[in-house]
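Following: one structure in C-alpha cells, then a few remarks.
Sequence lines set the chain letters: A, B, ... in the order given, protein chains first and strands last, and positions in each chain run from 1. In this text, all values refer to a predicted model and were calculated from it rather than measured experimentally.
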Protein chains: 2
Amino acid sequence: MDDVSGEGPSGSLPRAVALLRALATSGGEGMRLTNAAATAGVTPASAHRLLRMLIDEGLVEQDVRNKHYRLGIELFSLAARAGSPGNLRDVCRPALLRLSAALGDTAFLLVRSGYDAVCLDRCEGPVPIRSFTGDIGGKVILGVGQGSMAILAHLPEAEREEVIRFNLPRLLNFGPFDEVFFRKGIEQVRESGYAARGSGLLPGMAGVAVPILDREGRPLAAISIGTTVERLNAERMPTVVQVLRREADALAAKINPFDAALRRPGQHAVSY
Amino acid sequence: MDDVSGEGPSGSLPRAVALLRALATSGGEGMRLTNAAATAGVTPASAHRLLRMLIDEGLVEQDVRNKHYRLGIELFSLAARAGSPGNLRDVCRPALLRLSAALGDTAFLLVRSGYDAVCLDRCEGPVPIRSFTGDIGGKVILGVGQGSMAILAHLPEAEREEVIRFNLPRLLNFGPFDEVFFRKGIEQVRESGYAARGSGLLPGMAGVAVPILDREGRPLAAISIGTTVERLNAERMPTVVQVLRREADALAAKINPFDAALRRPGQHAVSY
DNA sequence: CATGTATTTGCGTATATTGGAATATGGCAT
DNA sequence: ATGCCATATTCCAATATACGCAAATACATG
C-alpha cells in the first residue's frame with residue numbers, strides 16, 4: 001500500500017513518513033511494530049529504530065500496556081498550523097459560522113490536495129449528518145461529494161482531465177460508476193457554478209457546494225453545506241445556493257485583493 | 001529556539017522535524033530557506049535538501065513566486081487521525097456540541113502534551129471569543145487558561161511538581177507571575193474540582209473547566225467553556241460548573257469502562 | 001547596469017543507517 | 001506454574017547516504 005522497499009538505504013526520512021502513514025491508517029487503535037513495519041515496507045528493526053526517533057520527537061506515542069504505536073499529539077499540534085496560503089481556514093471560519101447558523105446545517109471548507117480533497121474546517125449544525133470527508137483533515141477522492149466535485153469541475157481543463165483519468169479507477173470502488181454520467185455531472189457543475197446532489201451515495205444525505213475562485217478562475221477551495229434530503233428540498237435550494245455563493249464571493253475578494261497586480265504575466269497562481 | 005546543531009550528521013530525521021517546527025512558527029505566510037535553516041539550526045544546504053525531500057512527501061509546500069516554504073496539507077491530513085487513545089475527540093464531540101448549544105458559549109477539549117496543553121477540539125458558540133489555545137491544535141503552557149489549569153492541578157504530585165518547575169520560567173513571559181499565588185490557584189482548583197477565572201490575562205474573557213479523570217484519578221483531558229465576563233456571572237457559574245461536570249463524568253465513564261480490570265496492578269495508565 | 005544576497009548544485013569524507021542474526025520480553029495454552 | 005511461540009529489541013559490520021564546505025547560479029535591490 002505504502003511501500004518504500006527498494007533495496008538499500010533509501011534515506012530515513014521516506015521510511016519514517018511511510019511509517020507515519022501506516023500508523024494513520026490504524027485510527028486511534030494504534031498498530032503493533034510488525035504490522036506497521038509490514039505496511040510501510042520496512043524491516044522490523046528499522047521500524048523499531050525509526051519509531052523510537054519519532055517518539056523522541058513526539059510525533060508518535062506508544063501505549064505502554066499493549067505496545068501499540070499511534071500518531072502523537074505533537075503531530076496534531078504541528079499540523080494545525082499547516083494549510084493553504086494565508087491562513088485560509090482562519091479567513092473562512094467566520095463564513096462557515098454564519099452559514100451554519102443561518103441555514104441550521106453543517107458547513108464545510110474543502111481544499112484540493114493532489115488527486116483528493118481534504119476537509120480543512122467544519123462547522124456543525126444541530127442536525128447530525130454523515131459526510132465523505134468525515135472529520136477535519138478527512139480526505140475524499142476529487143469528484144466524490146459536493147465540495148470535492150465543485151473543486152474538480154472548476155479546475156483548468158488539462159488538470160481536470162489528468163485528475164479524472166487518475167481517479168476513474170479509484171471511483172469504481174464507490175459502486176457502479178459510469179464515466180459518461182460522471183463527466184456529464186462535472187459539466188453541469190461547471191456550467192451552473194455549484195454542485196448539488198441529494199440521495200447520492202450516502203442515503204438520506206444531501207449537500208450543496210460552491211467553489212472559491214481566484215482571479216484567474218482557478219478553484220482555491222470550496223465551501224459546502226451538508227444536510228438531509230428532507231431539509232434540502234427544491235424550494236429551499238435556490239436560497240441556499242445564493243447564500244453560499246455570496247459568502248464564496250466575499251471570501252474570494254478577501255483572499256486575493258490585489259494579486260492580479262502582484263502576479264507576473266504568464267505565471268500561474270500558486271504551487272500545488 | 002529549536003536548534004539541533006551538534007556537529008556532524010546527527011540523523012536526518014531530527015533535522016527534518018526541526019525544519020517542520022520552524023515552518024510551523026511562521027504561520028500561513030511561510031518562510032524563506034535561510035530563515036528556516038537558521039531557526040532550525042541547520043546549514044542552508046542541508047535545509048534545502050531536506051525541504052526538497054519533505055516536499056516530495058507532501059509534508060511541505062513551496063510557493064513558486066516568492067519561494068516561501070510552508071507546511072503542506074498532507075501533514076494536516078496525516079495528523080487528523082492522530083490523537084489520544086480511543087479517538088478521544090470523536091467520543092467527546094457530542095458532549096462539546098451539547099455544551100456549546102446548551103450554554104451558548106464556545107466549548108473546548110484539551111489534552112496534555114508534555115509541558116503544554118493542546119486544543120484537541122473546539123465547538124464555537126455564537127459569541128466570538130479569544131482564547132489562549134486559539135484554534136484546534138493550538139498549544140498553551142500547562143497552567144495558563146482554565147482547561148490547561150484543570151489538567152495541571154489534577155496531575156499526580158510528582159508530575160505536577162516537575163511541570164511547575166519547568167513552566168515557572170516560561171510563565172514569566174505572560175506578565176507578573178507570582179509563584180505562591182500560582183500554587184495557591186492550583187490548590188484551589190484541585191480542591192474544588194474545577195478551574196474558573198474571569199478578567200484574567202485576556203481582558204473581558206472568562207472560562208470554566210473541569211478535568212476528565214480516569215479510574216486512578218489521572219487527568220486524561222479537560223473540557224472547558226470560554227465566554228465573556230458578563231456572560232459568566234456569579235449567578236450562572238454554579239449551573240455551568242454542574243453541566244460541565246456532568247458531561248465530564250459521562251465521558252469518563254464512556255472512555256474507561258472496564259479498564260480497572262484490564263490494567264495490571266501497580267501499572268499506571270497510559271504512555272505519556 | 002552593477003552589486004550584494006539568497007538559493008541551488010558538486011564533491012569528498014565520515015557517519016548514520018541498514019538488514020540480518022542473536023537475544024530478551026511477553027502472551028498463551030497446556 | 002511451566003513451557004513454548006511470536007513479537008519486540010539489541011548488536012554488528014558493510015555501505016550507501018547525508019553532511020559541510022565551496023563554487024556557481026538565480027534573484028532582488030540600489
| Does B/Arg49 make a side-chain donor-acceptor contact with the base of D/dG20, cut-off 3.5 Å? | yes

Where do N or O atoms of nucleotides 6-8 of chain D meet protein N or O atoms at under 3.5 Å, pair by pair?
| unit_1 | atom_1 | unit_2 | atom_2 | d |
| --- | --- | --- | --- | --- |
| D/dA8 | OP1 | A/Arg32 | NE | 3.4 |
| D/dA8 | OP1 | A/Leu33 | N | 3.0 |
| D/dA8 | OP2 | A/Thr34 | N | 2.9 |
| D/dA8 | OP2 | A/Thr34 | OG1 | 2.0 |

| Taking the side chain from B/Arg112 and the backbone from B/Gly114, do they hold a donor-acceptor pair closer than 3.5 Å? | yes

| request: Under the salt bridge (charged side-chain N to carboxylate O under 4.0 Å, His left out) rule, what do B/Asp135 and A/Arg81 come out as? Steps first, then yes or no, please. | output: CA-CA 9 Å; B/Asp135 214 332; A/Arg81 280 156 168 169; over 6 Å; no

| query | Given atom NE2 of A/His68 and atom P of C/dG27, what is their separation to the nearest angstrom? | reply | 12 Å

| task | Report the distance from atom CG of B/Leu51 to atom P of D/dA18, rounded to the nearest whole Å. | result | 14 Å

| Rounded to the nearest Å, what distance is computed from the CG atom of residue B/Asp63 to the C1' atom of nucleotide D/dC27? | 16 Å

| For B/Ala40, does its backbone N or O pair with a side-chain atom of B/Arg15 as donor and acceptor, under 3.5 Å? | no

| query | Between the side chains of A/Arg170 and A/Asn167, does any donor sit under 3.5 Å from an acceptor? | reply | yes

| Can you check whether A/Ala80's main-chain N or O pairs, donor with acceptor, with A/Arg89's side chain at less than 3.5 Å? | yes

| field | 5'-most by nearest nucleotide on DNA chain D - A/Leu13 or A/Pro44 | value | A/Pro44

| task | Say whether, by atom type as modelled, one donor and one acceptor occur between the side chain of A/Arg190 and the main chain of A/His154 under 3.5 angstrom. | result | no

| note | From CE of A/Met53 across to C1' of D/dT10 the rounded distance in Å is 15 Å

| Residue-phosphate contact under 4.0 Å: B/Arg52 side-chain N/O, C/dT9 OP1/OP2 | yes

